[in-house]
There are 2 protein chains.
Amino acid sequence: MDKKPNDQTTAIWVLLNIAHKRVTQTFEAELKRARLPSAAWYDILWALERAKDGMRQNQLESQSLFDQPNLSRTIKRMVDDGLVTQCPAPSDRRGRVLRITDDGKALRAQMWEVYGRLMLSQIEDKVPDAHISGLIEGLASLIPEKDEKLQGKLNSARDGAEN
Amino acid sequence: MDKKPNDQTTAIWVLLNIAHKRVTQTFEAELKRARLPSAAWYDILWALERAKDGMRQNQLESQSLFDQPNLSRTIKRMVDDGLVTQCPAPSDRRGRVLRITDDGKALRAQMWEVYGRLMLSQIEDKVPDAHISGLIEGLASLIPEKDEKLQGKLNSARDGAEN
DNA sequence: GATTAATAGATGCATGTGCATGTATCTAAA
DNA sequence: TTTAGATACATGCACATGCATCTATTAATC
């Protein structure tokens with residue numbers, strides 16, 4: 001190695017892994033304890049609930065952290081569970097339009113009771129004000145530019161940080 | 001929900017997941033491209049190389065992000081590959097002392113060429129100076145107190161941040 | 001010292017994930 | 001319009017992970 005990463009770089013890499021693991025494990029454990037599906041399901045349900053007119057599967061794929069084959073299977077399970085419907089896309093016969101069902105909405109609301117509380121207890125209560133914006137900007141800087149899907153959310157968070 | 005998480009909290013949660021996924025994927029993809037084992041193997045090899053006199057398996061478990069059964073199997077594979085040896089512990093006949101082999105050291109050194117470069121390109125080059133300490137402290141605040149194993153590393157990173 | 005609890009580690013099983021590939025459909029170029 | 005390539009989604013397979021459980025051994029309690 002011509003140039004070695006410095007201690008701060010190492011700390012970021014180590015902490016990113018540990019923090020993600022610990023926080024994720026807590027989320028999954030609490031959801032499971034409440035006999036609810038995983039956080040990934042919540043994210044899908046919430047994305048579909050916001051999309052009033054349904055959403056193409058490939059669009060959802062680009063917004064989620066699932067890769068295509070994995071999303072395909074997950075959606076299948078959610079359809080089997082009656083949480084989501086899959087209709088042929090009108091404009092493209094290859095495609096499918098996904099819609100959340102009433103059962104899906106009900107489950108999402110139920111999950112939010114746990115999920116939202118976890119966001120408060122595991123994140124909002126823990127990160128000191130002084131480091132919130134550094135954490136947000138620092139994490140954002142690690143993400144490739146093309147991930148622009150989250151710019152809106154990021155900007156509103158930046159606004160909040162300035163208050 | 002009595003109280004809703006604010007936008008910054010949401011941003012942290014979303015960004016933590018995306019950043020972790022993207023950075024991890026890049027690491028794994030580059031290691032695979034170089035026909036090298038995963039980053040998790042690097043961490044084990046490095047921990048064992050630092051432990052001059054070998055290391056008990058449960059001690060390694062508490063330092064790594066593996067849970068016990070998974071570490072057990074991973075070590076087995078590494079032993080099969082000749083990277084690590086597993087000797088009965090002298091003081092506790094249940095236990096095993098792990099040691100890295102010369103082949104293991106050679107592989108770790110080879111992996112470092114890729115791994116270290118990735119830390120530079122994916123982290124050090126990307127996080128602006130202004131957000132380094134906020135990112136470190138913010139991530140650290142998400143981790144339960146009992147995770148003290150990393151305090152040393154964290155402190156030296158803090159020192160670096162003050163320069 | 002016998003019994004009970006706790007710990008170190010291994011193994012079985014169900015599930016999740018990444019990756020390669022398959023099929024159908026759409027788009028574009030010859 | 002035929003054909004080559006790209007895109008949407010599904011499927012098969014190898015492997016990783018989480019969780020429950022098993023065995024062997026040590027520590028603690030009576």
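All figures in this text were calculated on a predicted structure; none of them were measured in a lab. Naming: A, B, ... by sequence-line order, numbering from 1 per chain.
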What is the distance from CZ of B:Arg77 to P of C:dG9, rounded to the nearest Å?
17 Å
Close residues, residues 83-100 of chain A, relative to DNA chain D [heavy-atom separation under 4.0 Å]
A:Gln86, A:Arg94, A:Gly95, A:Arg96
Any residue meeting side chain to side chain donor-acceptor pair (under 3.5 Å) with A:Arg94, in chain and number order, not counting sequence neighbours
A:Asp92
Taking atom P of D:dC19 as reference, at what distance in whole Å does atom CG of B:Leu71 sit?
16 Å
Quick one about A:Glu30 and A:Gln122 (side-chain donor to acceptor, distance below 3.5 Å, no hydrogens or angles considered), yes or no?
no
Rounded to whole Å, the NZ-P distance (A:Lys76 to D:dG12) equals 11 Å
May I ask you to decide whether B:Arg56 forms a salt bridge with B:Glu61, counting only side-chain N to carboxylate O separations under 4.0 Å?
no
What residue pairs, at least two apart or across chains, pass salt bridge (Lys or Arg N to Asp or Glu O under 4.0 Å) with a residue in residues 74-88 of chain B?
B:Lys76-B:Asp80
What integer distance in Å separates B:Leu31:CG from D:dC15:P?
18 Å
Grab the CD1-C1' distance between A:Ile75 and D:dC9 for me, whole Å please.
12 Å
Can you see if the side chain of A:Gln57 gets near the phosphate of D:dA10 - specifically, an N or O under 4.0 Å from OP1 or OP2?
yes
Residues passing the ring pair (Phe, Tyr, Trp, His ring centres under 6.0 Å) test with A:His20, sequence neighbours excluded, are B:His20
Rounded to whole Å, CD of A:Gln59 lies from P of D:dC9 at a distance of 10 Å
CE of A:Met78 versus C1' of D:dC9: gap in Å, rounded?
17 Å
Tell me whether the side-chain N/O atoms of A:Asn58 come closer than 4.0 Å to OP1 or OP2 in D:dT7.
no
Under 3.5 Å between N/O atoms: give me all the protein pairs with nucleotides 18-20 of chain C, atom names plus distance.
{"residue": "C:dG18", "atom": "OP2", "partner": "A:Asp67", "partner atom": "OD1", "Å": "3.4"}
{"residue": "C:dG18", "atom": "OP2", "partner": "A:Asp67", "partner atom": "OD2", "Å": "3.3"}
{"residue": "C:dG18", "atom": "O6", "partner": "A:Arg73", "partner atom": "NH2", "Å": "2.9"}

Min side-chain heavy-atom separation B:Leu139-A:Ile18 under 4.5 Å
no
What I want to find out is whether B:Lys105 reaches B:Glu49 closely enough, with some N-O distance under 4.0 Å, to be called a salt bridge.
no
Side chain to side chain donor-acceptor pair (under 3.5 Å) partners for A:Trp41, two or more places apart:
none
Could you tell me the separation between the CH2 atom of B:Trp41 and the C1' atom of D:dT17, rounded to a whole number of Å?
16 Å
Under-4.0 Å salt bridge between A:Glu113 and A:Arg117:
yes
